Amino acid sequence: MNLSKKEEEVMEVIWSKGKAYAKDIIDAAAEPKPAATTIATLLKRMYDKGFIDYEQQGNSRLYFPLVNKDDYFSKEVKGMISNFFNNSVAQFASFFAKSNTMSVEELEKLREVIDNEIDRKKK
């Protein structure tokens, strides 16, 4: 099950803080700030999907992630590679390397990451 864009924004706050109240999420949001009811709805959906849980703290709920950020985004990227690049990581990498938006510095950093990973896997 996936998160919507708005749910991902809420998860980013929870992941970065470790635990967060709805007020923390509203405070971290860009202007115009979302309504408390909007955040409550998003949190309820995320809870129902199994991405978060909460501890009751008086009248408030302290939310915490049940899904690791790296695991979530790894699954999302794998799905994108499968859906858009015929399950080929090489096609995926080629797409980004050939895009006009990547600077020489970014391409060199990408090459460094790939070279390091090759060296690590050869050991």
Side-chain angles (χ1 to χ4, degrees):
M1 195 168 287
N2 295 347
L3 295 171
S4 70
K5 179 74 173 143
K6 291 294 182 188
E7 290 168 342
E8 281 182 5
E9 291 172 11
V10 170
M11 279 302 294
E12 282 292 342
V13 175
I14 296 171
W15 279 321
S16 69
K17 293 184 174 291
K19 292 184 177 184
Y21 293 100
K23 181 185 180 326
D24 298 327
I25 296 163
I26 294 168
D27 290 345
E31 292 292 340
K33 299 290 186 187
T37 53
T38 301
I39 297 301
T41 299
L42 291 170
L43 289 166
K44 170 80 168 89
R45 278 194 227 149
M46 294 162 59
Y47 174 82
D48 290 345
K49 290 178 180 182
F51 283 92
I52 60 171
D53 202 352
Y54 62 86
E55 300 168 1
Q56 194 69 40
Q57 304 277 320
N59 292 332
S60 299
R61 292 178 175 177
L62 183 60
Y63 294 92
F64 57 91
L66 294 177
V67 175
N68 178 283
K69 182 179 180 177
D70 290 340
D71 293 342
Y72 175 74
F73 283 105
S74 176
K75 182 180 172 214
E76 288 297 300
V77 169
K78 285 177 185 174
M80 185 175 58
I81 291 169
S82 174
N83 292 335
F84 297 107
F85 299 97
N86 295 326
N87 218 21
S88 170
V89 175
Q91 284 182 14
F92 174 73
S94 176
F95 171 80
F96 284 102
K98 291 179 180 177
S99 77
N100 292 332
T101 60
M102 288 188 77
S103 68
V104 171
E105 293 81 16
E106 289 172 319
L107 286 167
E108 287 173 345
K109 180 64 179 167
L110 180 58
R111 180 173 49 196
E112 179 184 329
V113 168
I114 291 169
D115 288 345
N116 288 339
E117 191 61 20
I118 289 169
D119 290 343
R120 187 184 73 78
K121 288 192 174 189
K122 283 184 177 179
K123 293 180 181 176

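Source: prediction; values computed, not measured.
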(message) Would you say that Leu43 contacts Ile14 through its side chain, given a criterion of any heavy-atom pair below 4.5 Å between the two side chains?
(response) yes
(request) Take atom NZ of Lys33 as the centre, draw a 6.0 Å sphere, and report whether it contains more than 12 heavy atoms from other residues, nucleotides or ligands. (result) yes
(message) Once side chain to side chain contact (heavy atoms under 4.5 Å, CB included) is applied, do any residues pair with Ser4, and if so which ones, sequence neighbours excluded?
(response) Lys6, Glu7
(request) With rounding to the nearest 0.5 Å, note down the distance linking CG in Leu110 to CD1 in Ile114. (result) 4.0 Å
(request) Decide side chain to side chain contact (heavy atoms under 4.5 Å, CB included) for Tyr63 and Asp53; before the verdict, give the C-alpha distance in whole Å, the side-chain angles of both, and the deciding distance to 0.1 Å. (result) CA-CA 6 Å; Tyr63 294 92; Asp53 202 352; over 6 Å; no
(request) Flag yes if Ile39 and Tyr21 sit in one hydrophobic cluster, no otherwise; membership is Ile, Leu, Val, Met, Phe, Trp, Tyr, and two members link when side-chain heavy atoms are under 4.5 Å apart. (result) no
(request) Find out whether Met11 and Ile52 are in side-chain contact, i.e. whether some heavy atom of one side chain is under 4.5 Å from a heavy atom of the other. (result) yes
(request) Can you sort out the partners of Phe95 under side chain to side chain contact (heavy atoms under 4.5 Å, CB included), two or more places apart, ordered by chain and number? (result) Phe85
(request) Please assess Ile25 against Lys17 for the test side chain to side chain contact (heavy atoms under 4.5 Å, CB included), listing each intermediate value before the final yes or no. (result) CA-CA 10 Å; Ile25 296 163; Lys17 293 184 174 291; over 6 Å; no
(message) Applying salt bridge (Lys or Arg N to Asp or Glu O under 4.0 Å) to Lys44 and Asp48, what does each step give before you reach the verdict?
(response) CA-CA 6 Å; Lys44 170 80 168 89; Asp48 290 345; 2.8 Å; yes
(message) Test question: given the 4.5 Å side-chain rule for I, L, V, M, F, W and Y, name all other residues clustered with Val104, or answer none.
(response) none
(message) Can you confirm whether more than 12 heavy atoms, excluding those of Lys49, are under 6.0 Å from its NZ atom?
(response) yes
(message) What's the separation between atom NZ in Lys109 and atom CG in Leu107, rounded to the nearest 0.5 Å?
(response) 13.0 Å
Residues 65-75, side-chain donor-acceptor partners within the protein, below 3.5 Å, at least two apart:
from, atom 1, to, atom 2, distance (Å)
Asn68, OD1, Asp70, N, 2.8
Asn68, OD1, Asp71, N, 3.1
Lys69, NZ, Glu12, OE1, 3.0
Tyr72, OH, Leu3, N, 3.3
Tyr72, OH, Glu8, OE2, 2.8

(message) List the residues meeting side chain to side chain contact (heavy atoms under 4.5 Å, CB included) with Ser103, not counting sequence neighbours, and say none if there are none.
(response) Glu105, Glu106
(request) Any chance you could measure Leu62, atom CG, to Lys19, atom NZ, to the nearest 0.5 Å? (result) 5.5 Å
(message) Go through it in stages, so that I can follow the logic: the residues are Gln56 and Arg61, the test is side chain to side chain contact (heavy atoms under 4.5 Å, CB included), and I'd like the CA-CA distance, side-chain angles, deciding distance and then a yes or no.
(response) CA-CA 5 Å; Gln56 194 69 40; Arg61 292 178 175 177; 3.5 Å; yes
(request) Taking the side chain as every heavy atom from C-beta outward, state whether Ile118 and Lys122 have any pair of such atoms under 4.5 Å apart. (result) yes
(message) Between Lys123 and Asp119, does any NZ, NE, NH1 or NH2 come within less than 4.0 Å of an OD or OE carboxylate oxygen?
(response) no
(request) Give a yes or no on whether the backbone of Thr37 and the side-chain of Thr41 come within a donor-acceptor separation of less than 3.5 Å. (result) yes
(message) I'd like to know if Phe64 and Tyr47 are part of one continuous hydrophobic network [Ile/Leu/Val/Met/Phe/Trp/Tyr, side-chain heavy atoms within less than 4.5 Å].
(response) no
(message) If hydrophobic residues (ILVMFWY) are linked whenever their side-chain heavy atoms come closer than 4.5 Å, directly or via other members, who joins Val113 in its cluster?
(response) none
